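Each remark here refers to the structure printed beneath this line.
All chains are named by letter (A, B, ...) in the order of the sequence lines, taking the proteins before the strands, and each is independently numbered beginning at 1. Values in this document were obtained by computation on a predicted structure and should not be read as measured data.
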Protein chains: 2
Amino acid sequence: MTEEPRPTLEAVAARAGVSRATVSRVVNGDPGVREVLAEKVRRAVDELGYVPNRAARSLVTRRHDAVAVVIAEPETRVFADPFFALQLRGISKELTAHDIQLVLLLTEGRDDHERVGRYLAGGHVDGALVFSLHLDDPLPGIIRRAGLPTVFGGRPGWPQIEEGGPGAPYVDCDNRGGAREAVRHLMGLGRSRIAHITGALDQTSAVDRLDGYRDALADVDQGLIAEGDFTPAGGERAMRELLDRAPDLDAVFAASDLTASGALRVLRERGRRVPDDVAVVGFDDMLAVAEQTEPPLTTVRQDIEEMGRLMAGMLLRGRGGAERGTEPVEPAGVVLPTSLVRRDSA
Amino acid sequence: MTEEPRPTLEAVAARAGVSRATVSRVVNGDPGVREVLAEKVRRAVDELGYVPNRAARSLVTRRHDAVAVVIAEPETRVFADPFFALQLRGISKELTAHDIQLVLLLTEGRDDHERVGRYLAGGHVDGALVFSLHLDDPLPGIIRRAGLPTVFGGRPGWPQIEEGGPGAPYVDCDNRGGAREAVRHLMGLGRSRIAHITGALDQTSAVDRLDGYRDALADVDQGLIAEGDFTPAGGERAMRELLDRAPDLDAVFAASDLTASGALRVLRERGRRVPDDVAVVGFDDMLAVAEQTEPPLTTVRQDIEEMGRLMAGMLLRGRGGAERGTEPVEPAGVVLPTSLVRRDSA
DNA sequence: TTGAAAGCGCTAACAA
DNA sequence: TTGTTAGCGCTTTCAA
C-alpha cells in the first residue's frame, strides 16, 4: 500500500495563498468568502486533488455523515429474497444524493444484537435505519435506548403510542388496505369461499394482511384461514390443509407471492384449475416469482425501493426518533399505498 | 438528539488514576501493562461505558477499520436476485469477526462511477470488495488507480497477467468446471443433442460457462448454442430459437436457474416432457427458483456466501491489490468448487 | 471578509 | 512499566 500522503487543508491554503480557515469555508460552502478568493481556492483544490479528511472533520463537528442500516436476523430464506436488495437500493440512492455513507450491519442472534447496540450507541453514525422482522426482537429496544435518530422499516411490533409521546417513525406499505383490495377483487370475481394463507404471524406485515382479509369479509369462516410463513413450503402445507378442511373453497389470498407459488403447486397437484376452479392472489409483486408462476400471479404490488428512499429521507430530514427541541407533529408512520396487479391467476 | 457527552480516554484515565497512554494501551490490548492497572482501567471503562472515538483514532492511525463493498450497476433484474444478499452476508460475517465496518456503495451509471472512485481514492476505507458485472465496466480501472487494496467478486474481465505482475485478486466459483460437469451429467444420461443457453456474454461467468460446455463436447454444433442473458425471458426466447433450429435436441444446459425456468416454460408450452424428452440442467442452485420450477431443477451449486466470506478474508489478510513490500506469491484468483445437485429435471 | 489559534479524542514516540 | 508530549487534519470562535 503506497502511502502517498494526500494533500491537506494546509497544502491547499498554501497553494491558494490564503489561510486554512478560508479554505475550510470554501470547501464547506460558507458564503462569506470573496469570489476571487473562493475561485483561487477551488482551483487549488482541483489541482491538488484535495479530498477532506472525514475523520478530522468528524472529530470536531461530531457528525459523521454516515447512517447505519441494520438488518436483523437475515435468515437465509428471508434475506435471500429481493426485498432487502430493493430497499437498500432506495436507501442508497437517497443517501448518496446527500453524500451520506451507508454502513451495513447484518445481525443474526443475540451476540450480534449486543454488538450492534454498542456500535450504534458508540456514536459512530448519525442515525439508523432498522429492519426488524420479528415482534419479539430485542434489537429495536436496544436501539431506542441508544438514543440515535432512527427510522424503522415496516411497522414496529410494539404499541405506537407510549406515554403520550409519538411512536417510533417507520415506513411501511399499506398491508391492510392491500389485503382488503385483494379480497375485494376476488369477491368481485364472484368468489364466495375465499381462503387466506397467512404469513409468519410474528411479523406485523402478516398480522396486518390478515386484518385486511378480515376487513373485507362480512363474517369470516375460521376454517378458511391457514397459517403460513411466507415461504413456498409453508404455502404448500397451508394449501393442503385448506383443501382438506374446506374442499369447496373457490379462491385463495396468499400473504406473499412465494406463499402463493407453493399454493399453486398444490392446487395443480390436486387437479384444481387456476383461476377457473380456484382464483389466487398473492402479495408483494416480486417479479421473479409472480411472473414465473403457472399461471402468472395476480398480486398486490408494493413499491419497495420507494420505501427505502423514504426511510432515508425521513431520517435525513430529522424525522428520526431522537428529536431535538421541537416535538414532531407528523404521524410517526408513513404508509405507502399498494396496487393490485392483474395477471392470470385471478 | 440529546448530546450527552460520551466519556473520553481522559475521563477513563482520571477515574482509573492512570495516564491516558495507559488507558489507550489497555483498550488496544497492548500487553505491556501491569495486570493490576489493566484491571483498574477495565473497570473504569465499564463503569463509564467508554467507547473509543473512531474518528480520533483514525486521525492518528490512518486506518479506518472499514471496508467498502462496491456493487456496480445493480440493475433491478440482476441486483434483485439473492446473489448479492448472500454474498453480503458472507462478507459481513467475516468483517464483523474482525470488527471492521462495511460501507456499502451501490452504483448505477457513469456519474456514480466517478463518485465511487473519488470516495475510494479519498482514503476513507482500508480496502474494497468490488462486484463489477460487465466486461467493459470502467469502475475496476478507476478503483485500481485509486491504489486501494481490492478483491474482486467474480473473475475480472481484463487479462490477468500484466507486465509480469500478478493479476487482480478475485474470488469466483469454478464456472467452467461446473458447466463441464453439468454437460457430462447430461451425457451420462445418454443425451447426445445437448444445447446450451448462454448467460449475458459480457460477463465472465457466462463466457466461462460456455467454455465449460464446449470443453465437455467433442465437437460442438453451433446450432445448439443460443444466447441468453441470465433472465427467464431470455431463457424463453433462446429456448424457442433452439427448438426451431434444432427440434431434435434432447437436453439443455442453461447458464442460470432463472434461464432454465424460462426454458422449462417454453418446453412445457411446446409439449416436450422434462426430463423424458428433454433433460434440463441449470446453474446457481438458487433455491427460490430451483426448488420451485416444474419439475424441480437439477443444477450446479455454488456456495455464494462462502465466496463473500473468502473475499473479505483475502482483503483482511492483506491479499488485496496494492501490496506493501513482499510480492504476493499466491495465485491472484481463488476459485471455489461447484457441485451438481440432482433434482428431477435431469 | 479574513486570519490566528485553540482544540476535537486519540496514538505513538520518547523520557523517566 | 508508565507518563509526558506532540501532533493527526479539520472547524470554529475570536480578533483584526
Side-chain angles (χ1 to χ4, degrees), chain A residues 3-42 44-45 48-66 99 101 121-126, chain B residues 1 3-42 44-45 48-66 99 101 119 121-126:
Chain A
E3 197 60 62
E4 343 146 0
R6 299 187 309 105
T8 68
L9 252 202
E10 185 81 52
V12 177
R15 177 147 197 143
V18 299
S19 72
R20 273 152 49 200
T22 299
V23 178
S24 176
R25 289 183 186 113
V26 173
V27 168
N28 292 295
D30 184 319
V33 178
R34 264 187 312 160
E35 186 49 32
V36 221
L37 283 198
E39 188 46 40
K40 263 193 202 160
V41 169
R42 275 184 231 111
V45 165
L48 262 34
Y50 169 74
V51 180
N53 180 321
R54 283 183 175 239
R57 179 180 280 171
S58 302
L59 190 54
V60 31
T61 61
R62 289 146 179 305
R63 284 198 351 250
H64 301 85
D65 295 326
D99 202 30
Q101 248 42 55
H124 306 302
V125 291
D126 304 318
Chain B
M1 193 157 23
E3 197 59 62
E4 345 147 358
R6 300 188 307 106
T8 69
L9 252 202
E10 185 81 51
V12 177
R15 176 148 197 142
V18 299
S19 72
R20 273 153 47 201
T22 299
V23 177
S24 175
R25 288 182 186 113
V26 173
V27 168
N28 292 296
D30 184 319
V33 178
R34 265 187 311 158
E35 185 49 32
V36 221
L37 282 197
E39 189 46 39
K40 263 193 202 160
V41 170
R42 273 185 233 111
V45 164
L48 263 34
Y50 169 75
V51 180
N53 181 321
R54 283 184 176 238
R57 180 180 281 170
S58 301
L59 190 54
V60 34
T61 60
R62 291 149 177 302
R63 282 197 354 246
H64 301 84
D65 295 327
D99 201 30
Q101 248 41 59
Y119 181 77
H124 306 301
V125 291
D126 304 318

Side-chain atoms of residues 31-39 of chain B: list all donor-acceptor pairs with protein atoms under 3.5 Å, sequence neighbours left out, distances to 0.1 Å.
residue: B:Glu35; atom: OE2; partner: B:Arg42; partner atom: NH1; Å: 3.3
residue: B:Glu39; atom: OE1; partner: B:Arg42; partner atom: NH1; Å: 2.7

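Summary for the helix from C:dT1-D:dA16 to C:dA16-D:dT1: the axes at its two ends, each from 5 pairs, differ by 30° when rounded to the nearest 10 degrees.
The OG atom of B:Ser58 lies 7.0 Å from the CG atom of B:Asp65; values are rounded to the nearest 0.5 Å. Here OG1 of A:Thr22 is found 10.5 Å from NZ of A:Lys40. Values are rounded to the nearest 0.5 Å. Here OG1 of B:Thr61 is found 10.5 Å from CZ of B:Arg54. Values are rounded to the nearest 0.5 Å. To the nearest 0.5 Å, the span separating OG1 on A:Thr8 from CG on A:Leu48 amounts to 8.5 Å.
Residues of residues 11-25 of chain B having a heavy atom closer than 4.0 Å to DNA chain C, listed by number: B:Arg20, B:Ala21, B:Ser24, B:Arg25. Taking every heavy atom of residues 26-38 of chain B and every atom of DNA chain C, pairs under 4.0 Å involve B:Asn28, by number.
Minimum interatomic distance between B:Pro52 and B:Val27 (heavy atoms only, all atoms of both residues): CG-CG1, 4.0 Å. Taking every heavy atom of both residues into account, B:Leu59 and A:Ala55 meet most closely at N-CB, 4.1 Å. When every heavy atom of B:Arg20 is checked against every heavy atom of B:Ala13, the shortest pair comes out as N-CB, 3.8 Å.
Where DNA chain D meets chain B (any atom under 4.0 Å from a heavy atom), the bounding nucleotides read 5' to 3' are D:dT1 to D:dG9. On the nucleic acid side, DNA chain C contacts chain A at distances under 4.0 Å to non-hydrogen atoms, with the end points of that region at C:dT1 to C:dG9.
Counting only heavy atoms from C-beta outward, the side chains of A:Gln101 and B:Val125 never approach each other to under 4.5 Å. Between A:Val51 and B:Tyr119 the shortest side-chain heavy-atom distance does not fall below 4.5 Å. The closest side-chain heavy-atom distance from A:Arg25 to A:Val18 is not below 4.5 Å.
Proximity of a side-chain donor or acceptor of A:His64 to a complementary backbone N or O of A:Gly123 within less than 3.5 Å is detected.
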